[in-house]
Amino acid sequence: MAMALNQARLAALRGEVPVGAVLVHDGRVLAETGNRVEDLHDPTAHAEILAIRAAALEMKSPRLEGVDLYVTLEPCAMCAQAISLARLRRVYFAAYDPKGGGVEHGAKVFDRPTCHHRPEIYGGLRESEAAHLLKEFFQAKR
């Protein structure tokens, strides 16, 4: 999670919403990135999506079985669906997102009967640190 938090800090320095993601397989980091929505002019360039794309290229497979995601914010519905499609094993996230989350809040993608793969979910890891980054970022925007 420390690496994901570092990626979130780097995203904030680029003017992005401070969310960072890291994908790990058998103790090896496959991908680490932060949000790049503004930089790439791409509404889908969330940290989770970018990390999944990079890891899929690294593993030469669209299915990332046995891979764990560490992300600083509860994934949104779009990212949750990508997590399911990628067949990630576990998702560890820091801050909960009551407004935009798609795992524990909102769409609750993994609870839907149409969801083909449900990873193990662990929320609230280093929550206060990640929430503080987000709070500082949005306070500066106001």
Side-chain angles (χ1 to χ4, degrees), residues 1-112 115-142:
M1 189 60 75
M3 292 174 75
L5 286 162
N6 185 56
Q7 287 297 320
R9 288 184 196 94
L10 292 172
L13 291 174
R14 291 191 305 271
E16 301 281 354
V17 174
V19 176
V22 176
L23 283 171
V24 178
H25 183 250
D26 291 337
R28 183 171 71 95
V29 174
L30 296 174
E32 59 179 311
T33 189
N35 276 357
R36 309 253 345 204
V37 171
E38 302 299 329
D39 181 42
L40 298 176
H41 311 291
D42 179 355
T44 69
H46 291 196
E48 301 95 308
I49 299 290
L50 296 174
I52 288 169
R53 288 175 184 163
L57 285 172
E58 174 72 20
M59 291 186 72
K60 297 178 177 34
S61 174
R63 286 165 293 288
L64 305 176
E65 294 169 356
V67 175
D68 298 334
L69 170 67
Y70 295 83
V71 62
T72 60
L73 183 64
E74 174 184 348
C76 70
M78 173 185 70
C79 292
Q81 188 61 48
I83 288 163
S84 178
L85 291 170
R87 307 288 195 271
L88 297 183
R89 178 176 60 178
R90 294 185 191 111
V91 174
Y92 300 92
F93 68 85
Y96 289 86
D97 188 357
K99 285 177 87 175
V103 176
E104 301 286 333
H105 298 89
K108 296 185 180 181
V109 171
F110 304 130
D111 293 344
R112 301 282 175 221
C115 182
H116 297 293
H117 173 77
R118 294 166 180 82
E120 294 175 33
I121 304 294
Y122 302 92
L125 301 156
R126 297 181 73 170
E127 178 181 7
S128 60
E129 193 173 347
H132 181 73
L133 284 172
L134 289 158
K135 185 178 178 180
E136 277 185 332
F137 177 82
F138 285 112
Q139 280 180 341
K141 291 284 184 189
R142 292 184 184 129

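When reading the values below, keep in mind they use all heavy atoms of this one structure, side chains included, and skip hydrogens, waters and symmetry mates.
When side chains are defined from C-beta on, V24 does not count as touching M3, because their heavy atoms never get closer than 4.5 Å. Side-chain contact check for V19 versus E48: some heavy-atom pair is nearer than 4.5 Å. The closest side-chain heavy-atom distance from L69 to F93 is not below 4.5 Å. The closest side-chain heavy-atom distance from V37 to V17 is not below 4.5 Å.
The minimum heavy-atom distance linking G102 with A80 is given by the pair O-CB, 4.1 Å. When every heavy atom of A86 is checked against every heavy atom of I52, the shortest pair comes out as CB-CG2, 4.0 Å. Shown here for T33 and A51, the closest heavy-atom pair between the two residues is CG2-N, 3.6 Å. Smallest separation of non-hydrogen atoms from A21 and V71: CB-CG2, 4.1 Å. Looking at every heavy atom in both residues, P62 comes nearest to A56 through CA-CB, 4.5 Å. When every heavy atom of A45 is checked against every heavy atom of L50, the shortest pair comes out as O-CD1, 3.6 Å.
Partners of D42 under the side chain to side chain donor-acceptor pair (under 3.5 Å) rule, at least two apart in sequence or in another chain, are T44. Residues passing the salt bridge (charged side-chain N to carboxylate O under 4.0 Å, His left out) test with R53, sequence neighbours excluded: none.
Legend: side-chain hydrogen bond (donor to acceptor under 3.5 Å, both in side chains) pairs involving residues 73-96, not counting sequence neighbours, sorted by first then second residue: D68-R89, D68-R90, E74-H105, R90-E120. Contacts classified as salt bridge (Lys or Arg N to Asp or Glu O under 4.0 Å) and involving residues 121-137 (residues at least two apart or in different chains) are given here: R9-E129, R126-E129. For the salt bridge (Lys or Arg N to Asp or Glu O under 4.0 Å) condition, the pairs that include at least one residue of residues 23-32, sequence neighbours left out, are R28-E58. Identified under the salt bridge (Lys or Arg N to Asp or Glu O under 4.0 Å) test for residues 94-107, with sequence neighbours left out: none.
Formation of a donor-acceptor pair under 3.5 Å by the T72 side chain with backbone atoms of A94 is not found in this model. For the pair E16 (side chain) and D39 (backbone), a donor-acceptor distance under 3.5 Å is present. No donor-acceptor distance shorter than 3.5 angstrom exists from the side chain of N35 to the backbone of H46, with no hydrogens or angles considered.
Distance CG/L64 to CG/L30: 7.5 Å, rounded to 0.5 Å.
Atom CZ of R14 is surrounded by more than 12 heavy atoms from other residues, nucleotides or ligands within 6.0 Å. In H117, the NE2 atom is crowded: over 12 heavy atoms of neighbouring residues, nucleotides or ligands sit closer than 6.0 Å.
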Quick one: do I83 and F110 satisfy side-chain contact (heavy atoms from CB on, under 4.5 Å)? Show the steps, please. CA-CA 10 Å; I83 288 163; F110 304 130; 3.8 Å; yes

